[in-house]
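Here is the structure we will look at.
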There are 2 protein chains.
Amino acid sequence: MKDTKKRAGSHDVARLAGVSRSAVSRAFTPGAYIADETRERVMAAAAMLDYQPNAIARSLSKNSSRLVGIIATDLENPFYSQLLVHMSTELQANGYAVLLMVSRSSHIDDYLSKLLQYQVDGVIVTAATLSSSMAVALQRSGRPVVLVNNYLRDGGVSSVSSDNYRGGRMVADLLVEAGRKRIAFISGEANTSSGRDRGLGLKDRLAELGMTIYAQESGEYRHAEAAEAARRLLSLSPRPDALFCANDVMAIAALMVARSEFGLRVPEDLSVVGFDDSDEATRQTFGLTTVDQHLDDMASKTVSLMLATISGDEKSVQHVVVPVSLVYRATH
Amino acid sequence: MKDTKKRAGSHDVARLAGVSRSAVSRAFTPGAYIADETRERVMAAAAMLDYQPNAIARSLSKNSSRLVGIIATDLENPFYSQLLVHMSTELQANGYAVLLMVSRSSHIDDYLSKLLQYQVDGVIVTAATLSSSMAVALQRSGRPVVLVNNYLRDGGVSSVSSDNYRGGRMVADLLVEAGRKRIAFISGEANTSSGRDRGLGLKDRLAELGMTIYAQESGEYRHAEAAEAARRLLSLSPRPDALFCANDVMAIAALMVARSEFGLRVPEDLSVVGFDDSDEATRQTFGLTTVDQHLDDMASKTVSLMLATISGDEKSVQHVVVPVSLVYRATH
DNA sequence: TCATAGCCTGCACACGTGTGCAGAGCCAAT
DNA sequence: ATTGGCTCTGCACACGTGTGCAGGCTATGA
């Protein structure tokens with residue numbers, strides 16, 4: 001029975017400092033009307049009891065929790081875990097805390113409603129497709145939402161994503177200039193806007209140059225599936241002389257398969273280009289030519305948009321596009 | 001002025017259903033004393049207003065937030081991001097939500113106190129060293145804490161970690177049986193218990209076999225630093241014939257350096273052994289021999305311990321050790 | 001000495017929910 | 001008819017904080 005002590009409340013601090021409970025509240029509220037001398041006395045008492053204001057009660061009273069919900073999918077992919085790190089860091093720096101929901105692609109609705117129960121001030125959804133029923137539920141709840149690296153066709157909710165279409169076009173130019181004739185594409189998950197646009201950019205630019213995509217397989221954004229896709233593509237005859245992968249993870253899988261299973265030299269026999277510029281692409285052994293999505297930029301633009309929407313500075317639905325840039329390394 | 005509607009409260013539901021507010025609360029409380037017929041009427045009204053109980057208010061009233069704080073470091077390392085995924089999933093399955101704090105190794109105290117302000121029911125700290133001042137602050141706050149993959153010497157707080165010491169010993173046996181004579185060690189960060197114990201296990205077992213660690217360098221658990229360490233070690237003469245790395249990330253870095261910069265054949269010229277059994281180690285190109293930490297087991301034991309401590313079933317400080325096992329692949 | 005203005009402070013209510021307690025209604029047994 | 005017991009409901013208080021409003025105190029000027 002030693003530390004059965006309850007957590008100290010503002011009432012206890014007030015009594016110890018010889019002031020009212022309101023004074024304690026004001027002492028902890030920046031910019032509130034309170035005499036310096038009083039604040040100091042309150043702070044001293046608070047330190048003595050190691051009092052910390054109860055954020056739950058504060059949230060209830062102020063009708064704002066300073067919580068932002070993040071629904072994260074595919075965290076095994078380093079791209080998304082890094083994105084999470086950057087967004088969290090930035091949110092924390094702005095005085096918000098992160099309520100995390102890890103989702104296996106579906107079930108989003110349940111997680112979302114749980115987030116809403118916790119009165120989050122906003123929700124960031126990464127890489128997952130929002131059911132349209134949930135989109136309207138959110139709209140109605142009035143909570144801001146931002147989709148990252150994905151967007152909805154019918155434009156009801158804000159989004160931030162990189163310029164995937166332009167990235168695809170840039171890769172087309174790069175490969176054609178390198179003299180490639182049979183350009184194959186390993187796509188990501190079918191229902192993601194990001195993967196769709198990357199393929200579309202490639203296809204459109206090739207068409208402008210009088211070419212077409214030589215062959216296409218789905219790699220589901222994952223290593224094993226991409227390796228399978230690469231095996232199928234590289235078994236074609238004539239064999240493709242370039243592989244554009246919608247993902248660095250898949251590009252590295254393809255690279256491994258090309259080198260160790262097909263004995264191909266990269267880039268002499270085959271170009272391989274990825275998308276993301278993940279840490280792994282940097283490794284000397286891979287030296288992967290890829291498209292930089294400017295992850296940090298994407299994260300901070302997402303957070304900025306979220307905060308602006310929460311504060312009411314931004315009332316309209318926004319679709320932010322983050323520019324991409326080619327990273328020339330050794331595989332093209 | 002269409003959706004200026006405030007979120008519906010239990011009061012609104014009660015009025016619509018023609019019952020008292022208490023009845024609404026009871027309808028949403030499993031096992032509460034309420035007639036089936038009343039519950040149904042309440043639920044119908046709730047659905048009509050799409051009412052969801054306010055978790056913040058509930059937390060305040062029940063003095064329990066059903067939030068668990070997680071302080072995460074080194075999320076770039078796939079091991080830790082996977083750990084986060086598993087723990088979150090399991091917590092969510094048990095009706096808890098996760099309050100995430102991403103930390104750059106230090107500053108932990110600030111994040112921790114923020115978590116406490118949000119009245120989290122418990123805190124899980126991964127891989128970071130807790131300042132002893134914070135350890136006592138936690139102790140005093142009465143909130144359960146579990147350290148994962150790290151522990152404190154002075155045993156004040158519970159922990160879950162794999163049997164790093166035994167893992168080190170197993171690797172020693174493996175390498176000696178493979179006929180290796182000059183076994184070098186690439187260690188992780190100096191102040192982590194995990195890294196320390198892995199090295200200690202190796203050293204102790206080698207000593208029992210009449211051998212010593214041939215050389216040792218720190219790789220800070222990171223790719224670039226480990227590559228540097230590998231370069232230094234492989235430049236020694238005579239050159240080591242085995243590299244035990246405290247981490248898969250570092251083992252793969254060493255593997256790349258050994259093959260592409262020193263032209264060594266693995267395992268003919270050199271053994272490389274890692275620790276974690278990450279997805280990357282699985283890749284055929286690497287085929288890394290490593291120590292499986294049974295990540296999922298670790299995660300679920302952590303969550304179980306946390307939940308047991310929260311519910312009061314477990315009052316004492318526990319140190320759970322998760323068994324490890326060797327994974328024989330192609331690099332030893 | 002008195003009036004006035006200005007700075008602070010305390011009162012009291014609000015935020016939305018959980019729950020102990022007393023009592024209402026009903027059924028069955030005596 | 002009376003009593004006892006059982007099931008359910010509503011009242012009212014509690015959780016810990018923010019904040020509008022009125023009023024107290026001090027200083028200044030007349």
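Lettering of chains follows the sequences in order, A, B, ..., and the numbering in each one begins at 1.
- The 5' end of DNA chain C is approached more closely, in terms of each residue's nearest nucleotide, by Leu60(B) than by the other of Ser22(B) and Leu60(B).
- In this structure, Ser10(A) reaches the dT17(D) phosphate: one of its side-chain N or O atoms is under 4.0 Å from OP1 or OP2.
- Closest to the side chain of Lys62(A), out of dT19(C), dT9(D), dG18(D), is dG18(D).
- Considering only the side chain of Ser61(B), dC15(D) comes nearest among dC15(D), dC11(C), dC8(C).
- Here Ile34(A) lies in heavy-atom contact (under 4.0 Å) with sugar-phosphate atoms only.
- Within 3.5 Å, no donor on the side chain of Arg7(B) pairs with an acceptor on the base of dG16(C), nor the reverse.
- Per the geometry, CZ belonging to Arg26(B) stands 15 Å off P belonging to dT7(D), to the nearest Å.
- Under 4.0 angstrom from either OP1 or OP2 of dG16(C) there lies no side-chain N or O belonging to Tyr118(A).
- Under the 6.0 Å cut-off for aromatic ring centres, Phe28(A) and Tyr51(A) qualify, their centroids lying closer than that.
- Between Tyr33(B) and the phosphate of dT9(D), there is no side-chain N or O to OP1/OP2 separation shorter than 4.0 Å.
- In this structure, the CD1 atom of Ile56(A) is 22 Å from the P atom of dA14(C), given to the nearest Å.
- His11(A) places its NE2 atom 14 Å from the C1' atom of dA14(D), with the value rounded to the nearest Å.
- Applying the 4.0 Å criterion to OP1 and OP2 of dT9(D), one finds that Ser20(B) has every side-chain N and O outside that range.
- We find that CG of Leu49(A) is positioned 14 Å from P of dG16(D), with the value rounded to whole Å.
- If you check every strand for non-hydrogen atoms under 4.0 Å, Phe28(A) touches nothing.
- When each of Ser161(A), Ser194(A), Ser193(A) is paired with Asn150(A), the side chain to side chain donor-acceptor pair (under 3.5 Å) condition holds for Ser193(A) and for no other.
- Checked by atom type and distance alone, the side chain of Ser65(B) pairs as donor or acceptor with a backbone atom of Gln119(B) at under 3.5 Å.
- Following rounding to the nearest Å, Gln117(B) (CD) and dG16(D) (C1') show an atom-to-atom distance of 13 Å.
- Here the side chain of Asp121(B) pairs no donor or acceptor atom with the backbone of Val68(B) at under 3.5 angstrom.
- Of all nucleotides listed (dT17(C), dG10(D), dT17(D)), dT17(C) comes nearest to the side chain of Asn54(B).
- We find that CZ of Arg21(A) is positioned 10 Å from C1' of dA12(C), with the value rounded to whole Å.
- As a whole-Å value, the separation of Arg66(B) CZ from dC15(D) P is 21 Å.
- For Asn63(A), the listed nucleotide lying nearest its side chain is dC15(C); candidates were dC15(C), dT19(C), dT9(D).
- Ion pair Asp110(B)/Lys114(B) not flagged as a salt bridge, since none of the NZ, NE, NH1 or NH2 atoms sits closer than 4.0 Å to an Asp/Glu carboxylate oxygen.
- The side chain of Ala23(A) sits closest to dG10(C) out of dG10(C), dA12(C), dT17(C).
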Anything under 3.5 Å between a donor and an acceptor, one on a side chain of residues 82-100 of chain B, the other on a protein residue two or more places apart or in another chain? List them.
unit_1: Gln82(B); atom_1: NE2; unit_2: Asp279(B); atom_2: OD2; d: 3.3
unit_1: His86(B); atom_1: ND1; unit_2: Gln82(B); atom_2: O; d: 3.3
unit_1: Ser88(B); atom_1: OG; unit_2: Leu84(B); atom_2: O; d: 2.8
unit_1: Thr89(B); atom_1: OG1; unit_2: Val85(B); atom_2: O; d: 2.7
unit_1: Gln92(B); atom_1: OE1; unit_2: Val102(A); atom_2: N; d: 2.8
unit_1: Gln92(B); atom_1: NE2; unit_2: Val102(A); atom_2: O; d: 3.1

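- Summarising the geometry, the separation between CZ on Arg58(A) and C1' on dG16(C) is reported as 18 Å, rounded to the nearest angstrom.
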